[in-house]
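Values in this document were obtained by computation on a predicted structure and should not be read as measured data. Computed from heavy atoms alone, side chains included, the values below leave out hydrogens, waters and symmetry copies.
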Amino acid sequence: QVQLVESGGGLVQAGGSLRLSCVASGGTFSYAGMGWFRQVPGKERELVAAVSWTGDSTYYTDSVKGRFTTSRDNAKNTVYLQMDSLKPEDTAVYYCAASTYSAYIWLTTAYKYWGQGTQVTVSS
């Protein structure tokens with residue numbers, strides 16, 4: 001079973017940047033598609049970005065395209081989410097998740113392992 005620990009959240013002004021990291025332990029991280037989800041109170045958890053196990057395929061939801069970049073370093077069992085040009089509407093708890101598939105990274109129901117989440121707050 002994969003354990004995931006996120007870090008890097010915090011408070012930033014609009015237009016600023018943050019970089020989230022997610023370190024995985026246990027399981028077979030290198031073969032898992034990895035995703036970043038976010039959730040605000042009263043709304044469903046949303047898949048924001050994802051990367052295949054090889055790193056050569058990525059997914060972004062429309063609202064973050066051109067601003068967020070996800071990548072992974074399988075040697076370090078770590079996945080990253082670089083968030084630039086942040087907006088107040090990006091405020092949420094961000095979760096790292098591991099899929100049971102190496103591809104099909106857009107398939108939200110395949111994500112079975114979750115981190116504890118990290119708060120990102122963007123002030124206007």
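Counting all heavy atoms, side chain and backbone alike, P88 lies closest to S124 at CG-CB, 3.8 Å. Nearest heavy atoms, Q39 versus K43: NE2-O, 3.1 Å. Among all heavy-atom pairs drawn from V40 and A92, the shortest one is CG1-CB, 3.6 Å. Between M34 and C22, the shortest heavy-atom distance links the atoms CE-SG, 4.4 Å.
Each side chain to side chain donor-acceptor pair (under 3.5 Å) pair with one or both residues in residues 77-95, not counting sequence neighbours, appears once here: S17-D84, R38-D90, R38-Y94, R67-D90, Q82-D84. For residues 101-117, the set of pairs meeting the side chain to side chain donor-acceptor pair (under 3.5 Å) definition, not counting sequence neighbours, comprises E6-Q116.
Under the 4.5 Å side-chain heavy-atom criterion for grouping Ile, Leu, Val, Met, Phe, Trp and Tyr, W53 is not connected to V51 through any hydrophobic cluster. V93 and V48 fall into different hydrophobic clusters, where Ile, Leu, Val, Met, Phe, Trp and Tyr residues are linked whenever their side-chain heavy atoms come under 4.5 Å apart, directly or through other members. A continuous path of Ile, Leu, Val, Met, Phe, Trp and Tyr side chains, each step under 4.5 Å between heavy atoms, connects V120 with V79, placing both in one hydrophobic cluster. One hydrophobic cluster, built from ILVMFWY side chains closer than 4.5 Å, cannot hold both V2 and L47; they sit in different ones. In terms of hydrophobic clustering, with Ile, Leu, Val, Met, Phe, Trp and Tyr side chains grouped at heavy-atom distances under 4.5 Å, F37 and V64 are assigned to different clusters.
Atoms CE and CZ, from M83 and R19 in turn, are 11.5 Å apart once rounded to the nearest 0.5 Å. For the atom pair CG (L20) and OG1 (T70), the distance works out to 9.5 Å, reported to the nearest 0.5 Å. Annotation: the span from K65 atom NZ to Y59 atom OH amounts to 7.5 Å, rounded to 0.5 Å. Remark: I105 CD1 to Y60 OH distance equals 8.5 Å, nearest 0.5 Å.
Remark: side-chain polar atoms of T118 are paired, donor with acceptor, to backbone N or O of G9 under 3.5 angstrom.
Side-chain contact of S63 with T61: a donor-acceptor pair under 3.5 Å is absent, judged by distance alone.
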